[in-house]
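The structure under discussion appears below in the form of structure tokens.
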Amino acid sequence: MSRGLTIGVKVFMLVLGLYFFFLGLAAAKGFLAPLILALVLALVVLPATRKLEQIIHHRGISSMLGTLLIFIFSLAFLVLCSMQVQSFFNEWAVIKQAMAPEIESFKSFLFEHTPLFLSKPWFVVPAMGK
């Protein structure tokens, strides 16, 4: 085989391999996402557990405290997110009332500058040229 053909085959195999690699990653995301998250959290808490190990002089207790630290931060994050969602839903009536004029002006802009018609449902686009 010539040198150009060999390079072409190698590039083709590389592209094909990358395609199947990313296809496999997309299929395995349900398994890999928690695994990667656990790995990242473990790497985040590693310096703290090493410091605790120097202070306490017991590896098991320092690891348990590091795990407890991750758990507490996760709970705090969950509580913060739930409070934000609750605040958003408590203010929904005010947000809806404040956004009503903006939505109406956006709808009028769409009807004036696009081929949408108010008499038809808003998602129907007429055929061009008719």
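- Grouping the Ile, Leu, Val, Met, Phe, Trp and Tyr side chains by contacts below 4.5 angstrom, directly or via other members, places F71 apart from L69.
- Interatomic distance, CH2 of W92 versus CD of Q97, reported as 13.0 Å (0.5 Å rounding).
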Chi angles and distances behind the side-chain contact (heavy atoms from CB on, under 4.5 Å) call for K10, M13 = CA-CA 5 Å; K10 287 181 181 179; M13 295 300 282; 5.8 Å; no
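- Minimum interatomic distance between P47 and V44 (heavy atoms only, all atoms of both residues): CD-O, 3.4 Å.
- H113 meets the ring pair (Phe, Tyr, Trp, His ring centres under 6.0 Å) test with F109; sequence neighbours excluded.
- I36 and L23 sit in two unconnected hydrophobic clusters of ILVMFWY residues. Membership requires side-chain heavy atoms under 4.5 Å apart, directly or through other members.
- Taking CD1 from I55 and OG from S62, the interatomic distance works out to 10.0 Å, rounded to the nearest 0.5 Å.
- Here the CG-CD distance, from L52 to Q54, works out to 9.5 Å after rounding to the nearest 0.5 Å.
- Cluster annotation: V11 and L14 are assigned to distinct hydrophobic clusters (Ile/Leu/Val/Met/Phe/Trp/Tyr, side-chain heavy-atom contacts under 4.5 Å, transitive).
- By the rule that hydrophobic residues join a cluster once side-chain heavy atoms approach within less than 4.5 Å of another member, M64 and L68 end up as members of separate clusters.
- Going from atom CZ of F12 over to atom CG of L16 covers 5.0 Å, rounded to the nearest 0.5 Å.
- Between R50 and E53 no salt bridge is recorded (no basic side-chain N to carboxylate O distance below 4.0 Å).
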Walk me through it: do L65 and I56 pass the test side-chain contact (heavy atoms from CB on, under 4.5 Å)?
-> CA-CA 11 Å; L65 287 175; I56 299 173; 3.6 Å; yes
Test log, rule side-chain contact (heavy atoms from CB on, under 4.5 Å), inputs S87 and E91 | CA-CA 6 Å; S87 168; E91 296 175 4; 3.8 Å; yes
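- If you chain together hydrophobic residues whose side chains sit under 4.5 Å apart, I95 and F89 fall into the same group.
- Remark: L18 CG to L25 CG distance equals 10.5 Å, nearest 0.5 Å.
- Taking every heavy atom of both residues into account, K29 and A26 meet most closely at CG-O, 3.4 Å.
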